[in-house]
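Both counts, for ligands and for their atoms, begin at 1 and track the order of listing. Residue numbers count from 1 along this sequence. If you're wondering where the values come from, they're calculated on a predicted model, not measured in any experiment.
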Amino acid sequence: MEPTKLKKVIQGIPKAELHLHIEGSFEPELMFEIANRNNISLAYDSVESLKKAYKFNNLQEFLDIYYIGAQVLIHERDFYDLTWAYLKKVHGQNVVHVEVFFDPQTHTDRGVPFDVVIKGIYRALEKAKSEFNMTYKLIMSYLRHLNEEGAFKTLESSMPYKDWIDGVGLDSSELGNPPSKFLNVFKASAEQGYKLAAHAGEEGPVEYIWEAINLLNVDRIDHGNRCLDDEKLVQVLIEKNMGLTLCPLSNLELKVIQKMEDHPILKMLEKGLLATIHSDDPAYFGGYMNENYYETAKALNLKEEHLKQLAINAFEASWLNSDQKKKHISYVKTYFNSLSY
Ligand code: HPA
Ligand code: ZN
């Protein structure tokens, strides 16, 4: 498809974003604005010099900068502004459903109360629901470079907000921090009624994906790039209809892949895996949903049928109920049918 047409087609697809760290949507311009009003000085003197620092050789180099950026978020209004800016942006890209991660420990460990963080995020999500008719789920992620006790404290802090939170996730430095480290807190989270997701197989080996499935009992795998290394695992993922939330621009920027042409998503679709496309940390990796779709489609020469399958897969892998899924999937089908006329 020629670029202008491809962009237009992608823009029109009703999309679901299932893998988005709200702290990773912190655009440098807003970061400077909030830093100024909170009297915090950033280590960079301009938006341009900050952006120049966004060059990463691996996940850890990114995380080091990402956690520094998040430090300017202090007040409820800051979390609200951050979340609202993201929701407005993706509403403009025809994203109709979002499942948003937040990292409570990034904030509570520097003295910002859990209540402040969640209230700001929640208020923006509710506004998007009423103004944009957008649906959402909120996912609280445990930081895997910290210990399980810290995750348990986070679970406890979330108890007054159980009705606002749909599930838990597991993110941050993957290598050396296998899912098994969080076995007990995931079990306790499930007992509280939370759905479960975990980052696995982004940089880590296939064993981490096995652990996320067999030990943590997750409902969804974030990334999961490495699953193609293990044919038996692929079969299990297909049998379980397990969603894999891939983030192509993130993979490229963090050198999980060397070039976009190497991205495994087309192979995954061809095998029948429930693979989907998302943005991870769009302010750091050069693009939101549309840009992730576009760069992937261009590099892998995706056809309309692939784009349609990816869009359907995202609703299928979402935590919406089955009636909502059906409704969205029928809209996706109607949209693609309309393109042939
Ligand atoms: N991987 C792991 N943890 C993260 C990421 C990521 O891409 N983004 C924010 N936290
Ligand atoms: Zn992620």
Side-chain angles (χ1 to χ4, degrees), residues 16-27 31 54-71 73 79 82-83 86 90 98-109 117 121 137-146 150-151 154 167-179 181-182 196-205 208-209 211-212 216 218-227 243-257 263-265 275-289 292 314 317:
E17 165 110 284
L18 309 181
H19 186 157
L20 177 278
H21 303 266
I22 199 64
E23 295 88 349
S25 72
F26 205 0
E27 290 288 350
M31 194 183 289
Y54 292 179
K55 287 198 171 58
F56 318 109
N57 290 305
N58 52 47
L59 174 59
Q60 193 57 51
E61 287 187 13
F62 155 69
L63 291 168
D64 292 343
I65 284 201
Y66 161 87
Y67 292 129
I68 290 172
Q71 286 175 12
L73 299 161
F79 291 93
L82 170 71
T83 310
Y86 164 72
V90 296
V98 293
E99 304 197 354
V100 171
F101 292 116
F102 73 117
D103 289 345
Q105 289 157 290
T106 299
H107 315 296
T108 52
D109 284 7
V117 179
I121 296 171
K137 305 281 172 191
L138 183 55
I139 312 172
M140 164 176 93
S141 284
Y142 302 127
L143 296 184
R144 69 201 303 161
H145 67 278
L146 302 175
T154 305
V168 302
L170 186 65
D171 65 4
S172 192
S173 323
E174 187 181 10
L175 288 170
N177 297 298
K181 185 176 161 186
F182 296 89
L196 310 175
H199 283 52
E202 179 185 15
E203 282 187 342
Y208 286 18
I209 306 178
E211 283 190 11
L216 302 190
V218 293
D219 299 288
R220 196 159 71 209
I221 298 282
D222 294 308
H223 296 294
N225 293 52
R226 298 287 299 275
C227 76
L244 301 173
T245 62
L246 288 124
C247 305
L249 283 171
S250 164
N251 295 155
L252 189 64
E253 292 301 311
L254 300 185
K255 314 278 191 291
V256 169
I257 52 170
H263 201 276
I265 197 145
T276 61
I277 285 189
H278 309 288
S279 72
D280 211 3
D281 301 281
Y284 292 89
F285 300 145
Y288 288 74
M289 285 289 281
N292 272 278

Exercise. Just checking, is any N or O donor in the side chain of His145 or Ser172 under 3.5 Å from an acceptor N or O on the other one?
Worked result: yes
Seminar exercise, completed: Protein neighbours of ligand 1 with a heavy atom under 4.0 Å, given by chain and number, are His21, Leu59, Phe62, Leu63, Tyr66, Asp171, Ser172, His199, Glu202, His223, Asp280, Asp281
Exercise. Residues two or more places apart in sequence or in another chain: which of them pass side-chain contact (heavy atoms from CB on, under 4.5 Å) with Thr106?
Worked result: Tyr67, Ala70, Asp103, Leu143
For this session: Of all N, O or S atoms in His199, identify the one at the shortest distance from the Zn ion (ligand 2).
Result: NE2
For this session: State, with a plain yes or no, whether a side-chain heavy atom of Glu202 is found less than 4.5 Å away from one of Ser250.
Result: yes
For this session: Nearest 0.5 Å please: distance from the CG atom of Leu20 over to the OG1 atom of Thr83.
Result: 9.5 Å
Problem set entry | Geometric class of the Tyr284/Tyr54 ring pair [parallel <30°, tilted 30-60°, perpendicular >60°] | tilted
Exercise. How many angstroms lie between atom CG of Leu59 and atom NE2 of His199, to the nearest 0.5 angstrom?
Worked result: 8.5 Å
Exercise. So Phe62 and Phe285, would you call those rings parallel, tilted or perpendicular, with 30° and 60° as cut-offs?
Worked result: tilted
Problem set entry | the Zn ion (ligand 2) to His21: nearest N/O/S atom name | NE2
Exercise. Under the criterion side-chain hydrogen bond (donor to acceptor under 3.5 Å, both in side chains), which of Asp280, Asp222, Asp281 is the partner of His21?
Worked result: Asp280
Exercise. Near the Zn ion (ligand 2), is there an N/O/S atom from Asp280 that is less than 2.8 Å away?
Worked result: yes
Exercise. Would you say Cys247 has an N, O or S atom lying under 2.8 Å from the Zn ion (ligand 2)?
Worked result: no
